[in-house]
Amino acid sequence: MKRLSSVLMVMVLVSASLFAAGGQEQGAAVAFDPNASYDLTIGCYGDLEKAYTAVFATDDFKQKFPNVNITFQTSDFNGHHSRLTTVIAAREATNDIEALEIGYIAQFVAGGGLSDLAAAPYDGMAVGSDLVDFAMSNATTKDGKLIAMPVDIAPAVLFYRKSIIEAAGLTVQQMENIKDWDEYIEIGKKLTKDLDNDGTIDQYAITHANDVAMVPLNGGKGGWIDAGGNPLEPKAKFVGALELVQNIRNAGIDGDMGAWTGPWVEAFSNGSTATMVNGAWFGGALKTWMAPDQSGDWRVAYLPGKTMASLGGTYLSIPEYVKEDKKGVAWEIIKYLSTSPSAQLTTFNTIDAYPALTSVYDDPIMDEGLAYFGGQQVRKIYADVAENIPSNTVSEYDALILSIWNSTVTSVLTGETGMMEGYDKAKQQVLATIQ
Amino acid sequence: MTKQEKIAPYIFVSPFFILFLIFALYPILYSVYISFFKWTVSGPQGFIGLTNYKNLLTIDPFFFKSLSNTVWLLIFGSLLQHLFAIPLAILLNNGRDALKGRDFFKTTFFLPYITSTVSVTLIFAQLFDMNYGWLNYIWVNLFNQEAVNWLQNPDTIKSSLAIMLNWRFIGWNTIIYLAGLQAIPHSLYEAADIDGAGPIAKHWFITLPQLIPIIFFAVTMSIIGGMQVFDEPFVLLGGYEQMGGNMNSGLTSAFYLMFTGFKASRFGKGSAIAWLLFFIIFIMTVINRKITKALEK
């Protein structure tokens with residue numbers, strides 16, 4: 001028995017030492033040496049690998065980084081962020097560069113685990129001076145640490161089909177000058193129709209009332225907790241957001257189609273929806289696979305009342321536990337992807353991810369009329385929105401509050417709770433859960 | 001016995017124990033440790049004792065909600081399966097000679113179990129779609145009823161999940177019971193035949209008592225599986241962003257555990273949920289054992 005205990009004890013010690021060896025110490029970055037060879041890994045999701053592969057294949061990149069070999073670890077969106085959250089919490093090895101979607105940035109801003117890019121030798125604040133303000137602000141902690149660099153953003157706009165609005169007696173000028181959401185709802189009533197007179201509506205103004213739920217809340221990116229630490233304040237702003245979705249549902253102008261379901265995707269190609277509120281990237285999805293045969297019919301307008309919001313975006317970070325000899329080169333690659341006009345425009349051309357770098361907004365490409373949008377200069381609208389999106393404070397509880405709020409929106413939409421009751425309950429749930 | 005001969009058995013069994021220690025025992029014990037901390041994405045933020053457990057059992061608005069949803073699904077989505085699976089297994093077993101295509105039915109019943117949960121859930125999402133789903137098409141056109149919002153109405157969310165769980169796991173349980181039925185000695189039925197017992201009496205007095213150990217095993221597996229339902233509500237109800245849908249009706253305990261850990265990045269609290277869930281499953285298994293023991297007598 002004594003012998004067995006000794007064997008078990010040895011096993012425990014062996015396993016414990018193995019795990020101890022897995023954890024890594026944080027170190028200072030070793031400066032990038034252009035003459036040295038590097039093998040670098042990037043963890044990303046979705047189409048990012050496609051975009052960055054295109055960037056790394058450019059002559060400009062090859063000239064600047066001839067000795068840097070980069071490999072990707074690409075996962076689906078949720079899988080990537082779950083992996084990243086887990087390995088950082090466990091203080092284990094990660095990829096040298098890790099991509100983060102804007103919705104996940106808050107937990108790292110407040111929680112740590114990523115290198116401070118504002119500190120020496122990175123000096124990210126100066127490097128990122130030409131990146132859009134709100135995106136830099138979202139990645140900055142209260143004490144001034146910059147935990148990631150924004151590479152692309154998703155300024156929110158209103159997409160609409162010209163042929164459908166004209167068939168409803170509306171004009172492009174009217175769509176471009178919708179003064180508020182009430183006017184949008186009135187326009188929506190004209191766009192919602194029973195085209196074949198069979199008693200059921202087969203053309204809706206918008207796929208789902210939920211599509212606009214986050215717009216008054218800056219796309220749900222930050223702003224969930226105010227400067228005083230109070231969640232869901234000011235009350236009027238959040239109740240107003242609930243009122244908007246409820247008014248849309250009560251007006252009967254939404255098709256109640258859940259995002260990314262078959263009917264939802266189909267609605268854009270078969271004409272059963274006339275408008276869509278989404279980030280600039282959505283134009284790329286329409287053009288490439290959702291509705292490629294409607295080239296020339298889609299248009300873009302500012303959101304009603306010129307609401308400025310962001311509905312997505314990507315950041316690149318260097319986790320704290322990356323080996324110090326990799327941090328310098330990782331930073332150079334991040335700097336290139338986020339602040340080089342060549343990389344920003346290549347990414348934009350490859351996957352329609354809108355540049356975070358404001359200096360490229362003056363590039364001639366931004367003035368080009370796009371055939372898919374009937375020759376409209378849509379990129380100028382994206383740029384204007386991007387530069388005017390307000391900055392918001394993010395908190396470690398954002399993901400939690402966002403989920404509670406989404407559930408509240410659904411409850412209000414289905415009539416399970418009233419607006420005020422829904423707001424009060426959501427606030428109560430948030431306060432109890434963040435204890 | 002030489003020293004080498006004494007050590008040899010330990011060397012041979014050591015690979016299993018080393019892997020078990022690293023990949024099972026260590027994480028399990030580590031999760032107990034974590035549960036006493038406020039542990040965020042950047043690691044431990046301070047020892048807080050039993051606070052995670054206390055908060056979950058007193059002020060957390062989702063723990064008991066998720067637990068009641070889980071128990072509801074356990075009854076109507078997991079335990080209900082056995083009322084279908086046992087008769088199906090008896091039918092397959094008795095039809096050994098008469099039932100043509102028995103292997104086909106066995107395969108068909110088992111197929112949902114081995115199909116990817118995500119694929120199944122996506123197909124069910126289309127079936128349950130309010131405007132374009134087949135279920136509402138039949139409901140509205142054949143039964144002349146109003147369309148049901150299966151995945152947004154708090155009551156029908158749970159029913160939808162239960163339908164899907166039954167569909168997926170009845171076949172699995174049927175095969176388990178079929179294996180149990182085939183192990184019952186045929187001589188017992190022959191003796192009953194000599195005594196003049198009818199089919200119902202044979203099932204009541206031979207088949208069911210003989211199946212009790214299998215019922216215990218299958219029900220235990222259902223309790224464990226039912227208390228850990230995650231994939232189905234996660235995919236069907238919009239993932240972490242929706243927290244189980246309208247009024248959190250599809251928020252199960254395992255879903256809340258995963259949400260707390262991997263979305264809200266509260267690993268300490270997530271570990272505490274895991275341990276509370278473990279104790280609940282343990283208690284349920286003990287009760288199940290006591291009931292089956294009583295039935296065996």
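All chains are named by letter (A, B, ...) in the order of the sequence lines, taking the proteins before the strands, and each is independently numbered beginning at 1.
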Q) Is the closest side-chain donor-acceptor distance between A:T410 and B:N246 under 3.5 Å? A)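 A:T410 vs B:N246: no donor-acceptor pair found between side chains.
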Measuring heavy-atom distances to chain A, does [X] have an atom under 4.5 Å in its side chain, in its backbone, in both, or in neither?
X: B:N55; answer: side chain
X: B:M130; answer: side chain
X: B:F20; answer: neither
X: B:F63; answer: neither

To the nearest 0.5 Å, how far apart are [atom1] in [X] and [atom2] in [Y]?
X: B:S265; Y: A:D398; atom1: OG; atom2: CG; value: 11.5 Å
X: A:T417; Y: B:M247; atom1: OG1; atom2: CE; value: 6.0 Å
X: B:K269; Y: A:I434; atom1: NZ; atom2: CD1; value: 10.0 Å
X: A:L400; Y: B:R266; atom1: CG; atom2: CZ; value: 8.0 Å
X: A:Y104; Y: B:K263; atom1: OH; atom2: NZ; value: 3.5 Å
X: A:L431; Y: B:I59; atom1: CG; atom2: CD1; value: 10.0 Å

Q | Considering all heavy atoms, the nearest A:E416-B:P154 contact | A |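 Residues A:E416 and B:P154, closest heavy atoms: OE2-CD, 3.2 Å.
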Q.
If you compare all heavy atoms of A:S407 against all heavy atoms of B:G245, which two are closest, and at what distance to 0.1 Å?
A.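 Where A:S407 meets B:G245 most closely, the heavy atoms are OG-O, 3.1 Å.
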(Q) Given heavy-atom pairs under 4.5 angstrom as the criterion, report whether the side chain, backbone, both or neither of A:T200 touches chain B. (A)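 When you check distances to chain B, no heavy atom of A:T200 falls under 4.5 Å.
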Q: Below 4.5 Å from any heavy atom of chain B, which atoms of A:I404 appear? Answer side chain, backbone, both or neither.
A: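 Both parts, heavy atoms under 4.5 Å.
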Q.
Please evaluate residues B:D129 and A:W264 with respect to the criterion side chain to side chain contact (heavy atoms under 4.5 Å, CB included), reporting the C-alpha separation (whole Å), side-chain torsions for both, the decisive distance (0.1 Å), and the verdict.
A. CA-CA 11 Å; B:D129 189 280; A:W264 184 86; over 6 Å; no
Q) Between B:D60 and A:T433, is there a donor-acceptor pair closer than 3.5 Å when you use the side chain of the first and the backbone of the second? A)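 Pair absent, no side-chain N/O of B:D60 close to backbone of A:T433.
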Q | Donor-acceptor contact present, side-chain A:S403 to main-chain B:Y240, <3.5 Å | A |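 Pair found, side chain donor or acceptor close to backbone of B:Y240.
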